[in-house]
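Below is one structure, written out as structure tokens, with a few remarks after it.
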There are 2 protein chains.
Amino acid sequence: MRRRDCAAFESIGGVATYAPKESLFWEGDQADFHYRVVRGTVCLYKLLPDGRRQVSRFCHAGDFIGLSANAAYPYTADALNEVTVQRFRRADLEACMEESSTLRRAVFASIRDELNAAQNQLLLLGRKSASERVASFLVALTEQALRQGGESHVVVLPMTRVDIADYLGLTHETVCRIFSQFKAQGIVSFADPHEIEVCDDAALAVLADGDMDARLCA
Amino acid sequence: MRRRDCAAFESIGGVATYAPKESLFWEGDQADFHYRVVRGTVCLYKLLPDGRRQVSRFCHAGDFIGLSANAAYPYTADALNEVTVQRFRRADLEACMEESSTLRRAVFASIRDELNAAQNQLLLLGRKSASERVASFLVALTEQALRQGGESHVVVLPMTRVDIADYLGLTHETVCRIFSQFKAQGIVSFADPHEIEVCDDAALAVLADGDMDARLCA
DNA sequence: CGCCTGGTTGACCACTATCAAGGTTAGTGG
DNA sequence: CCACTAACCTTGATAGTGGTCAACCAGGCG
């Protein structure tokens with residue numbers, strides 16, 4: 001989105017900040033606002049009545065939140081760390097979209113990316129083993145770090161092991177064990193559990209989806 | 001979408017038919033077309049290199065296919081039975097969307113529904129037990145049958161046990177076993193494995209997500 | 001008639017969840 | 001500055017759900 005195309009868009013959005021563990025909204029709340037992450041990481045999740053939790057997405061700078069909502073939010077959104085967001089009244093964003101085809105395309109592209117990511121996650125949850133899931137997670141994080149201009153192979157994890165487990169459909173114990181196993185195999189290395197250095201990204205890519213071709217691209 | 005709002009939309013779409021097991025397109029194909037199902041059921045799925053398969057959606061009459069595609073289709077689409085679709089050149093549909101805000105809203109609502117469904121499926125695959133998955137599947141099918149004006153409690157399954165298993169992240173043996181178990185418990189009943197009568201939809205709803213409140217709604 | 005696909009059921013086993021204990025770190029209050 | 005506490009992380013032992021392997025049945029089609 002070029003600046004001039006979304007002057008109205010920029011103007012309708014107020015800025016809000018949230019402390020770690022604070023909720024932007026709860027599943028079932030009336031969805032009056034859309035959000036866009038400016039800084040920090042937001043965790044979106046659904047709960048079953050007995051407390052089982054599935055994290056559907058971690059949102060980083062630039063990501064929209066709430067685009068898929070109908071009347072009510074279909075998930076809860078928690079800030080994982082210090083988070084800054086733009087916040088728009090839904091009606092305002094929709095009005096703006098009527099005006100600007102550029103904004104329309106941006107929003108459309110965003111929701112399409114979200115859908116693609118969800119479909120990849122379906123494959124992960126439905127068919128991958130625990131170590132494949134963790135490897136896929138690390139691969140996705142390194143790719144994201146690269147896109148954001150990161151140079152080193154160190155991935156920063158703002159979320160806890162429980163958050164990761166609830167994202168990957170595992171338990172936190174299993175996530176721990178597999179991180180340890182990858183460490184023992186020399187695939188990753190870390191002292192701080194929230195800063196993981198990827199030592200062998202080719203091996204990780206192979207583990208992620210059994211694709212031997214990934215090695216050729218290394 | 002009212003008829004007059006989408007005259008152009010109707011006019012750009014050619015009609016195509018596919019035989020059972022025929023593919024509309026393959027994952028990785030250049031995504032030149034969008035589709036809309038008129039009749040029959042289409043199965044969308046992704047494959048891992050070793051052949052493991054995850055069905056991401058079954059598409060019925062009215063569903064759009066391919067809206068989430070970027071340059072390439074992110075999944076393969078197979079006809080499960082005799083299928084009729086409308087087929088649009090992507091560029092044409094996009095041009096039409098620039099013109100008609102009604103079409104835009106319809107497409108947007110469609111992709112939003114798809115995203116919501118995917119997020120529910122994430123919860124199912126990540127956190128539900130085998131019997132909860134099968135129960136959820138049957139509940140979704142009965143709800144869909146109701147929306148389509150169906151009166152009886154008989155659900156028609158155009159897909160095989162393998163398709164269901166690949167949708168629910170299980171094996172076909174497990175799906176069979178749980179159908180048999182539900183039958184033994186008097187929750188469903190069937191002679192033909194593709195026509196399942198739901199005898200106790202309240203029990204099914206409870207099984208689907210452990211929500212005891214579902215009983216109150218019965 | 002015989003093959004092939006799809007469905008069902010059983011026996012066994014592996015992967016990952018569960019339960020449990022201990023370690024580390026950060027934050028808090030004395 | 002240090003003791004205390006509460007999260008969070010890690011590792012081990014055990015168990016259970018669902019996968020794997022195998023056999024058999026039914027129906028459709030060449």
Side-chain angles (χ1 to χ4, degrees), chain A residues 19-21 43 48 50-55 78 80-82 124-137 156-185 188-196 207 210, chain B residues 19-21 43 48 50-55 78 80-82 124-137 156-185 188-196 207 210:
Chain A
K21 306 199 172 203
C43 169
L48 285 172
D50 64 2
R52 280 174 287 173
R53 187 175 79 135
Q54 179 63 40
V55 171
D78 284 1
L80 289 182
N81 43 27
E82 204 68 45
L124 181 146
L125 293 174
R127 289 299 177 216
K128 291 191 183 178
S129 70
S131 45
E132 287 169 336
R133 294 180 199 198
V134 174
S136 302
F137 178 65
V156 175
L157 305 176
M159 67 291 285
T160 68
R161 296 291 188 259
V162 172
D163 293 329
I164 297 171
D166 286 348
Y167 180 60
L168 299 178
L170 302 169
T171 60
H172 65 105
E173 293 98 328
T174 298
V175 171
C176 268
R177 274 188 256 271
I178 289 171
F179 273 131
S180 299
Q181 179 191 316
F182 284 177
K183 196 184 195 175
Q185 294 171 336
V188 303
S189 114
F190 59 94
D192 178 339
H194 295 278
E195 288 188 9
I196 299 202
L207 274 169
Chain B
K21 306 199 173 201
C43 168
L48 286 171
D50 64 3
R52 279 173 288 174
R53 188 175 78 134
Q54 180 64 40
V55 172
D78 283 2
L80 288 184
N81 43 25
E82 204 68 44
L124 181 146
L125 293 174
R127 289 299 178 214
K128 290 190 184 179
S129 71
S131 45
E132 287 169 337
R133 294 181 201 199
V134 175
S136 302
F137 178 65
V156 175
L157 306 175
M159 66 292 282
T160 68
R161 296 292 189 260
V162 171
D163 293 329
I164 297 172
D166 286 349
Y167 180 60
L168 299 178
L170 302 168
T171 60
H172 65 105
E173 294 97 329
T174 299
V175 171
C176 270
R177 273 188 258 271
I178 289 170
F179 273 132
S180 300
Q181 179 191 317
F182 284 177
K183 196 184 194 174
Q185 295 170 336
V188 304
S189 117
F190 59 94
D192 179 338
H194 294 278
E195 288 188 10
I196 299 201
L207 274 169

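Worth knowing before you read on, the calculation uses all heavy atoms, side chains too, and leaves out hydrogens, waters and symmetry mates.
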Would a distance-only check, ignoring hydrogens and angles, find a side-chain to backbone donor-acceptor pair under 3.5 Å from A:Arg161 to A:Glu173?
-> no

What residues form a ring-ring contact (aromatic ring centres under 6.0 Å, His included) with A:Phe182, not counting sequence neighbours?
-> none

Send over the distance from A:Arg52 CZ to D:dT17 P, rounded to a whole Å.
-> 13 Å

Please identify each residue that fulfils ring-ring contact (aromatic ring centres under 6.0 Å, His included) with A:Phe137, with sequence neighbours left out.
-> A:Tyr167

When we call it a touch if two heavy atoms are under 4.0 Å apart, what does B:Thr171 touch: a base, just sugar-phosphate, or nothing?
-> base

With side chain to side chain contact (heavy atoms under 4.5 Å, CB included) as the test, would you mind laying out the steps for B:Ile178 and B:Arg133 before giving the verdict?
-> CA-CA 10 Å; B:Ile178 289 170; B:Arg133 294 181 201 199; over 6 Å; no

Euclidean distance, atom CG of residue A:Leu80 to atom P of D:dC8 [Å, nearest integer] = 11 Å

Taking all heavy atoms of B:Gln54 and all of B:Leu125, pick out the closest pair and write down the distance.
-> NE2-CD1, 3.7 Å

First and last nt of DNA chain C near chain A, cut-off under 4.0 Å to heavy atoms, 5' to 3', are C:dT16 to C:dC19

Minimum heavy-atom distance A:Lys183-A:Ser189, with the two atoms named = CG-CA, 4.4 Å

A:Ser136/A:Lys128 under side chain to side chain contact (heavy atoms under 4.5 Å, CB included): CA gap, chis, key distance, verdict | CA-CA 9 Å; A:Ser136 302; A:Lys128 291 191 183 178; 3.0 Å; yes

Where along residues 129-137 of chain A does a heavy atom come under 4.0 Å from DNA chain D, residue by residue in number order?
-> none

Pairs where residues 162-171 of chain A contributes a residue and the test salt bridge (Lys or Arg N to Asp or Glu O under 4.0 Å) is met, not counting sequence neighbours | A:Arg53-A:Asp163, A:Arg53-A:Asp166, A:Asp166-B:Arg127

Could I get a table of every N or O pair under 3.5 Å where one atom is in the protein and the other is in nucleotides 10-13 of chain D?
residue, atom, partner, partner atom, Å
D:dT10, OP2, A:Arg161, NE, 2.8
D:dT10, OP2, A:Arg161, NH2, 3.3
D:dT11, OP2, A:Ser180, OG, 2.2
D:dG12, N7, A:Arg177, NH1, 2.8
D:dG12, O6, A:Arg177, NH2, 3.4

State whether the side chain of A:His194 and the backbone N or O of A:Leu157 hold a donor-acceptor pair below 3.5 Å, judged by distance alone.
-> yes

